[in-house]
S.K.: 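Structure incoming, see below.
Letters A, B, ... are given to chains in the order of the sequence lines, protein chains preceding strands, and every chain is numbered from 1. Every heavy atom of this structure was used, including side-chain atoms; hydrogens, water molecules and symmetry mates were not. Just so it is clear, the model here is predicted, and its values are computed rather than measured.
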Amino acid sequence: MELQRPRGTRDFLPDEMAKRRYVENKLREAATRWGYGEIKTPTFEHIELFTLKSGEGILGEIYNFKDKGDREIALRPELTAPVVRMYVEELQRSPKPLKFFYFDNCFRYERPQKGRFREFFQFGVEIIGSARPESDAEVIALAVEMLERAGVRGDLHVGHLGIVRALMKEIQPEHQSKIMRLVDKKDDKGLEEFLDELQIPDELRGKLFRLIGLRGENAVHEARELVGDIEAMSQFEALLDLLDVYGLEYQVDLGIARGLDYYTGMVFEIYCEGLGAQNQVCGGGAYRLAQLFGGEDTPSTGYAIGFDRIMEVCKVEYQPQIRVAVICFDDTRKEAIKITKELRDAGFITYLDLMGRKFRDQLTHINTIDNARYEQVIKLYGGMENTELEQTYAIIVGTDELKAGKYTFKEMGSGQQTLMMDLEIISRLKEETKKLNDTMEGKRILSA
RNA sequence: GCCUGGGUGGGGUAGCUGGUUAUCCUAUGGGACUGUGGAUCCUACGACUCGGGUUCGAAUCCCGACCCGGGCCCCA
């Protein structure tokens, strides 16, 4: 093996891609139905886009280089900043709110681990132009729906940075972010030391510790007692009300701080079992970045799903297929190409020998590739589920058949075969396809 | 950035208390069985991650790099 892929990157083979695309489409479907439009931004951007406000955490992880025009370029480590840049650059006068979704690769120079790669994929959603609790709630509800559709169960935690920040309004902003970082790490000791250093009065310190420790049922009431009747507080309460309307299960957690510095209001994270230390599958919140990028101050809210992580834990079913292999002889290859084209035009997955194999070996080969696929199915889906619904058909193109203007239609599972005309074959295959789809639909309804 | 386990043909493995041509299974290409499949047989292809060191001799012992896995940190 001479060459290999760079550390932390992956190749995706056809069967795995099929599974990824399937899940991706589930997420797309959700976003589309909620009225979000897909966007795409460049793979690389000027590095300032990310150094401006993403926070120290990200800086050391950026993949950057100088291009031939001596510009400092960075491969995007995340997608929120590019989306806001795009908004500022060309969409500021568009009717609000703007609702976007994206699915793309990002790059971070980190130590690879379970659910962590140097090139990884994020599926994200942003609402630009609304600061209302309705937007925050919609975004959270959509995130939960997406995960559900992908067959992922997670724990939803919701917090609000405005509340914590209100308590710290006397403290300098850069000290605030440092405090938030310590809060996020749950590093109580470090936090205590830092507060000592800043000579924070005991009263405030006590309030802060109590606030970030608040969880669950009474968290809201207690928070209100601590910070008083501020706007962030009523916003947060309005948000929680809406989450109840959406029927979501959540845990209030005012200790969520997020690693990126640009969040200002609502923040949420969703955690999952089975991913080791990388248990966060989704994170997001409300932020204000537009002004920083030279636009008018514009409230936004959004989140990103760690696509690779949900692929590790998601429970999806293998999608069985009807497939057809055209089998021919040396003297019927041209006729075989014709019927193959007909079948493909009719929409069927159709194989044709490309190796000049003999009749017998072509049949053998069908089994060989089926078996190889089933091996992958076991690996990717954890079992042979739904493969029994799958059927492979062979269309035999021989001189005997051609004389009659027909083909031999052979069911590989049972070995049964009949002489049929092309149109008969097509309608039979359509029937089988419909049967398969109905069965799958039935299973979906049953499991729902 | 820190801690930790591991790298033998494409996949799975034996060898790893140093000693001939590195074992077996599977996959792949070709062939036999000459228009009916998952079998069998023949044949071809194919590996000790890389670089140093110890030694008469290294897949085997030591060091480093690279890669993979796991745990921190951080995040998705």
Side-chain angles (χ1 to χ4, degrees), chain A residues 1-10 13 54-62 76-80 103-124 143 147 152 154 181-182 184-187 190 256-261 269-272 275-284 302-313 325 327-332 355-372 374-376 379 392-402 408-417:
Chain A
M1 217 47 200
E2 272 313 318
L3 256 30
Q4 46 186 217
R5 71 182 107 77
R7 183 170 165 79
T9 63
R10 291 155 297 161
L13 274 42
S54 291
E56 289 172 35
I58 289 264
L59 293 185
E61 302 170 352
I62 286 186
R76 55 180 172 220
E78 52 115 2
L79 281 153
T80 301
F103 175 63
D104 258 315
N105 51 352
C106 299
F107 307 84
R108 288 185 202 174
Y109 195 91
E110 286 187 281
R111 177 84 201 261
Q113 250 177 76
K114 189 180 182 68
R116 163 183 293 175
F117 307 94
R118 288 185 173 176
E119 184 191 26
F120 61 100
F121 290 77
Q122 285 196 337
F123 196 113
L147 293 178
V152 176
R181 213 164 301 126
L182 292 167
D184 194 42
K185 279 188 201 172
K186 315 266 183 257
D187 180 4
I256 298 180
R258 313 279 309 140
L260 299 165
D261 274 354
E269 295 179 342
I270 301 177
Y271 312 99
C272 239
L275 282 162
Q278 284 64 241
N279 64 343
Q280 193 184 318
V281 293
C282 177
Y303 64 85
I305 287 176
F307 189 76
D308 307 288
R309 290 183 184 177
I310 68 171
M311 286 311 297
E312 298 241 356
V313 294
I327 310 289
C328 63
F329 301 88
D330 281 335
D331 52 354
T332 60
M355 299 290 281
R357 284 201 174 90
K358 279 179 282 190
F359 179 78
R360 184 195 200 101
D361 291 334
Q362 290 181 43
L363 282 172
T364 306
H365 185 66
I366 297 176
N367 294 319
T368 306
I369 57 177
D370 276 353
N371 289 340
Y374 292 145
E375 240 170 67
Q376 288 301 306
K379 206 165 127 195
T392 304
Y393 300 95
I395 311 297
I396 299 170
V397 186
T399 44
D400 296 348
E401 285 87 349
L402 288 176
T408 296
F409 179 85
K410 181 179 176 106
E411 212 173 322
M412 292 300 285
S414 63
Q416 281 179 12
Q417 52 186 60

S.K.: Just N and O in the side chain of A:Gln280: are any of them under 4.0 Å from OP1 or OP2 of B:rA76?
M.R.: yes
S.K.: Side-chain N or O of A:Arg357 versus OP1/OP2 of B:rG29: is the shortest distance under 4.0 Å?
M.R.: yes
S.K.: Which pair of heavy atoms, one from A:Pro77 and one from A:Phe120, lies closest together, and at what distance?
M.R.: O-CZ, 3.8 Å
S.K.: State whether a side-chain donor-acceptor pair under 3.5 Å links A:Asn279 with A:Arg309.
M.R.: no
S.K.: Remember a base hit wins even if backbone is also touched, and classify A:Gln417 as base, sugar-phosphate or nothing at under 4.0 Å, heavy atoms.
M.R.: base
S.K.: Any base atoms under 4.0 Å from A:Gly398, or only sugar-phosphate, or nothing? Heavy atoms, all strands.
M.R.: base
S.K.: Under 4.0 Å, heavy atoms only, any strand: does A:Asp308 hit a base, just the sugar-phosphate, or nothing?
M.R.: nothing
S.K.: Counting only Watson-Crick pairs (N1-N3 plus N6-O4 or O6-N4) and G-U wobbles (N1-O2, O6-N3), all under 3.5 Å, who is the partner of B:rG5?
M.R.: B:rC68
S.K.: Using only side-chain N and O atoms of A:Lys358, determine if any of them is under 4.0 Å from OP1 or OP2 of B:rG30.
M.R.: no
S.K.: So, is the end of the A:Arg118 side chain (NZ or CZ) under 6.0 Å from the ring centre of A:Phe107 and within 45° of the ring's axis?
M.R.: no
S.K.: Look at the side-chain N and O atoms of A:Arg7 and state whether any lies under 4.0 Å from the OP1 or OP2 oxygen of B:rC66.
M.R.: no
S.K.: Using a 4.0 Å heavy-atom cut-off across all strands, classify A:Gln113 as base, sugar-phosphate, or nothing.
M.R.: base
